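Comments concern the structure below.
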Amino acid sequence: MRTPRRAARVAVLEPDGAVFMFRYDNDEVGVHWALPGGGMEPGETPGQAARRELREETGWDDIALDGTLLCRWEHDFTRAGVPVRQSEHIFLAAGPRRDPEGDLLAPHAEEGILRWRWWSPRELAGATEQLWPPRLPELLAGVRRNGPPVTPVDLGYVGNA
């Protein structure tokens, strides 16, 4: 039995289409890259959680979220020894290419963040490590071609590879 967990993440896109991501290595799912974000606190909306998590993980407090959702998805993993089924909302935001700001070593270590980087569209398309959410290169290519989705893509439940 997995504990339900709600989360929100942000795809911060630079004008050239690069996206900011963190690298994790989890015993259950292995090496993977994920967008900034994490679990929702009681009483938070997905948008509020996305803003808070982005600020906590990057130190950026000037990224505007207009509420545009890229996608939703669910997946399983174990967090702090507890098996969870996480339901995520992935928001879109524009931002400049820059490094995270502030002293984030301890919070990153606590969350299992190993490193970060900006991924160009070409690098995303050729990624050999797992990307969260799945189909991220395809989803962001659609944003570049057609603009933000009118209705977020529902990826549904995605099992671990």
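Nothing here was measured: the structure is a model prediction, and the numbers come from that model.
The hydrophobic clustering, which links ILVMFWY residues whose side-chain heavy atoms are closer than 4.5 Å, places M21 and V31 apart. W33 and W116 fall into different hydrophobic clusters, where Ile, Leu, Val, Met, Phe, Trp and Tyr are joined by side-chain heavy atoms under 4.5 Å apart, directly or via other members. A single hydrophobic cluster is not seen to contain both F20 and L140; linkage of ILVMFWY side chains at heavy-atom distances under 4.5 Å, directly or through other members, places them apart. Linking ILVMFWY residues whenever their side-chain heavy atoms come closer than 4.5 Å, directly or via other members, leaves I113 and L104 in distinct clusters. Side-chain heavy atoms closer than 4.5 Å link hydrophobic residues (I, L, V, M, F, W, Y) into clusters, and following such links, possibly through other members, connects I63 to L69.
Taking both residues in full, the closest heavy atoms of V12 and A94 are given as CG1-C, 4.5 Å, listed atom of the first, atom of the second, then distance. Between A18 and D16, the shortest heavy-atom distance links the atoms N-OD1, 2.9 Å. The two atoms that bring G95 and P15 nearest to each other are O-CD, 3.9 Å, heavy atoms only. Looking at every heavy atom in both residues, A127 comes nearest to W119 through CB-CZ3, 3.7 Å. When all heavy atoms of L155 and L139 are compared, the closest pair comes out as CD1-CD1, 4.3 Å. In plain terms, the two heavy atoms of P46 and A8 that are nearest each other are O-CB, 3.2 Å.
We find that E101 and R55 are not joined by a salt bridge, their nearest charged nitrogen and carboxylate oxygen being 4.0 Å or further apart.
Among D66, L13, V19, L65, the one residue that satisfies the side-chain contact (heavy atoms from CB on, under 4.5 Å) test with L92 is L13. Considering T78, V82, V84 as possible partners of R2, the one that fulfils the side-chain contact (heavy atoms from CB on, under 4.5 Å) test is T78. Checked against E88 for a side-chain hydrogen bond (donor to acceptor under 3.5 Å, both in side chains), the options R9, R72, R6 give a single hit: R9.
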Show which side-chain atoms of residues 34-43 pair as donor or acceptor with protein atoms under 3.5 Å away, not counting sequence neighbours.
none

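The environment of CD in E129 is crowded: more than 12 heavy-atom neighbours from other residues, nucleotides or ligands sit within 6.0 Å.
Judged by distance alone, the side chain of W60 and the main-chain N or O of D99 form a donor-acceptor pair under 3.5 Å. In this structure, the side chain of W118 engages the main chain of R98 through a donor-acceptor pair within 3.5 Å. Not a single donor-acceptor pair under 3.5 Å links the side chain of H108 to the backbone N or O of R115.
Looking only at side-chain heavy atoms (C-beta outward), F77 and R5 come within less than 4.5 Å of each other. In this structure, the side chains of R85 and P4 stay at 4.5 Å or more apart for every pair of heavy atoms. Using a 4.5 Å heavy-atom cutoff, the side chains of L136 and L70 are in contact. No side-chain heavy atom of F91 sits under 4.5 Å from any side-chain heavy atom of L54. Two residues are said to be in side-chain contact when any heavy atoms from C-beta on lie closer than 4.5 Å; E53 and V10 fail this criterion.
Ring geometry, Y24 versus F22: the interplanar angle exceeds 60°, so the pair is classed perpendicular (tilted spans 30 to 60°).
Note on residues 136-145: pairs passing side-chain hydrogen bond (donor to acceptor under 3.5 Å, both in side chains), not counting sequence neighbours, are R135-E138.
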Checking Y157 against D76 for the side-chain contact (heavy atoms from CB on, under 4.5 Å) test, could you report, in this order, the C-alpha distance in whole Å, the side-chain angles of both residues, the deciding distance, and whether it holds?
CA-CA 9 Å; Y157 171 77; D76 295 339; 2.8 Å; yes
